[in-house]
Protein chains: 2
Amino acid sequence: MLNSPLPRDPIADAREQWVSHGWASEADAMAAITAVMRTASIYLQRADAILKPHGLTFARFEVLALLGFSKRGSLPMSRASELLQVHATSLTNSVDRLEATGLVQRIAHPTDGRTRLLELNPQGLEVLNAAREDLNKMLFAQSNLAPKDATELFEILSRFRRASGDFL
Amino acid sequence: MLNSPLPRDPIADAREQWVSHGWASEADAMAAITAVMRTASIYLQRADAILKPHGLTFARFEVLALLGFSKRGSLPMSRASELLQVHATSLTNSVDRLEATGLVQRIAHPTDGRTRLLELNPQGLEVLNAAREDLNKMLFAQSNLAPKDATELFEILSRFRRASGDFL
DNA sequence: ACAATATACTTGGACTTCCAAGGGTTTGGA
DNA sequence: TCCAAACCCTTGGAAGTCCAAGTATATTGT
């Protein structure tokens, strides 16, 4: 999966190209945004590799985790897709697979015929607990982020996400 | 594309759940990593929307931009996939599409029969210039990152990427 | 009451990513 | 020399993302 490390950071190189071509004022944002994408891809690969033995992906793990925290144990699809901040179609896809493996169930809403409620099955709860333990041990506890960096990173991205309309 | 903002930050909520379930020491990394993924997804959507009128995606834009900076104007596939830090198969996919629209060409390597060189066509150069201008104006210059945040973000992620073996 | 509008979810299509496996080409050791 | 190992790229398959469009159900306004 990992090639041998490059001798130079290709994003830092791109940043210099940006500066020397006259786009200096956009260079820092370009570099930051490109680095965010690369970082997300690294973490996603690591997470998916850790979750594979549990028969999960990160996308599906997030669904289980959300259901595991919900007070009632069930949540409308629309609410879940809102909280996970993915398109409804992406959630449909994830839930199809979670339902096919018996981890989750779609049940009818008592009063609104349009709405489907998601419910964690007992087996889903077991898989969630095991997967979360692995993720905590093997990803979050080994994030390659200094504690101060993790905090600062979250704060910067919170400002960004608020400015982008994610939350108030 | 954008739903109305949520009243609360769902990642901050997840972080609190993590703490109150006894995984306090992993909570900050979990929140930071989840925020990175969400941020990447926001930027990717914005970039793809901006590039769509140019017939590009961000993945394909990156290929053009890389070729545009290369001294010789041509680059082996393997070198390009290394610098863009994507799998060779992903690059094959992007190049297939760039070639189909006439922006790029695969040419034979003079001495190594295994290698294909990528070359930017004149039309590819035009599209690159126009796309880059839009991206600079509409994405990088409006990144929703304070200048200090962009710099700090890049630095934190550089430490992370180095620790993860991206570069020396 | 009923038509128009809005909401909830699914389907189909385009695109990306990765992995596993295969085909060709080159290199290097016996 | 020549066969095995390494390397470069492509194909096929599984997953994820989004958007656009469609179906079904609720809500709203006249």
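Sequence lines set the chain letters: A, B, ... in the order given, protein chains first and strands last, and positions in each chain run from 1.
A donor atom on one side chain and an acceptor atom on the other are not found under 3.5 Å apart for A/R132 and A/N136.
Cluster membership check: B/I11 does not share its hydrophobic cluster with A/F167, using side-chain heavy-atom separations under 4.5 Å among Ile, Leu, Val, Met, Phe, Trp and Tyr. One hydrophobic cluster, built from ILVMFWY side chains closer than 4.5 Å, holds both A/V86 and B/M30. Cluster membership check: A/F154 does not share its hydrophobic cluster with A/F58, using side-chain heavy-atom separations under 4.5 Å among Ile, Leu, Val, Met, Phe, Trp and Tyr.
Across D/dG16, D/dC18, C/dC19, the shortest atom-to-atom separation from the side chain of A/Q45 is found for C/dC19. Comparing C/dT16, C/dC9, D/dA15 by their nearest atom to the side chain of A/T92 picks out C/dC9. For A/V86, whose side chain is taken as the heavy atoms from C-beta onward, the closest listed nucleotide among D/dC9, D/dC18, D/dT11 is D/dC18.
Across the interface with DNA chain C, nearest-nucleotide mapping of A/M77 and A/K52 shows A/M77 to be the residue nearer the 5′ end.
D/dC9 atom P lies 13 Å from atom CG of B/D96, rounded to whole Å. What separates NE2 of B/H87 from P of D/dG16 is a distance of 18 Å, to the nearest Å. At whole-Å resolution of the value, CG in A/L44 and P in D/dG16 are 10 Å apart. Atom-to-atom, CZ of A/R46 to P of C/dC19 comes out at 14 Å; the value is rounded to the nearest Å. As a whole-Å value, the separation of B/E82 CD from D/dC8 C1' is 12 Å. To the nearest angstrom, P of C/dA8 lies 13 Å from CG of A/L91. Rounded to an integer number of Å, the gap from A/N93 CG to C/dT16 P is 18 Å. Distance A/I107 CD1 to C/dC9 C1': 16 Å, rounded to the nearest Å.
Expressed to the nearest 0.5 Å, how far CG of B/L98 lies from CG of B/L118 amounts to 9.0 Å. Expressed to the nearest 0.5 Å, how far CG of B/L83 lies from CZ of B/R79 amounts to 4.0 Å.
At least one side-chain nitrogen or oxygen of A/R60 sits closer than 4.0 Å to the OP1 or OP2 atom of D/dG16. The phosphate of C/dC15 has neither OP1 nor OP2 within less than 4.0 Å of any side-chain N or O from B/T57. For C/dC9, the OP1/OP2 oxygens have a side-chain nitrogen or oxygen of A/S78 closer than 4.0 Å. Residue A/H109 places no side-chain N or O under 4.0 Å from the OP1 or OP2 atom of C/dA8.
Within 4.0 Å of A/R97, counting heavy atoms only, lie sugar-phosphate atoms of the nucleic acid but no base atom. B/R79 comes within 4.0 angstrom of nothing in the nucleic acid, heavy atoms only.
In this structure, the helix from C/dA1-D/dT30 to C/dA30-D/dT1 shows an angle of 10° between the axis at its start and the axis at its end, each fitted on 5 base pairs and rounded to 10°.
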- Query: After noting the C-alpha distance and the side-chain angles of B/D96 and B/R106, does the key distance pass the salt bridge (Lys or Arg N to Asp or Glu O under 4.0 Å) rule?
  - Reply: CA-CA 9 Å; B/D96 282 350; B/R106 271 182 253 236; 2.2 Å; yes

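Side-chain contact check for B/D9 versus A/D166: every heavy-atom pair is 4.5 Å or farther apart.
Note on B/K137 versus B/E133: salt bridge recorded, some NZ/NE/NH1/NH2 to OD/OE distance being below 4.0 Å.
Applying the ring pair (Phe, Tyr, Trp, His ring centres under 6.0 Å) test to residues at least two apart or on different chains, the pairs with a partner in residues 23-49 of chain A are A/W18-A/W23, A/H21-A/W23, A/Y43-B/F160.
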- Item | Protein-to-nucleotide contact annotation, 5' to 3' order, nucleotides 21-26 of chain D [B base; S sugar-phosphate only; - none; under 4.0 Å, heavy atom] | ----BS

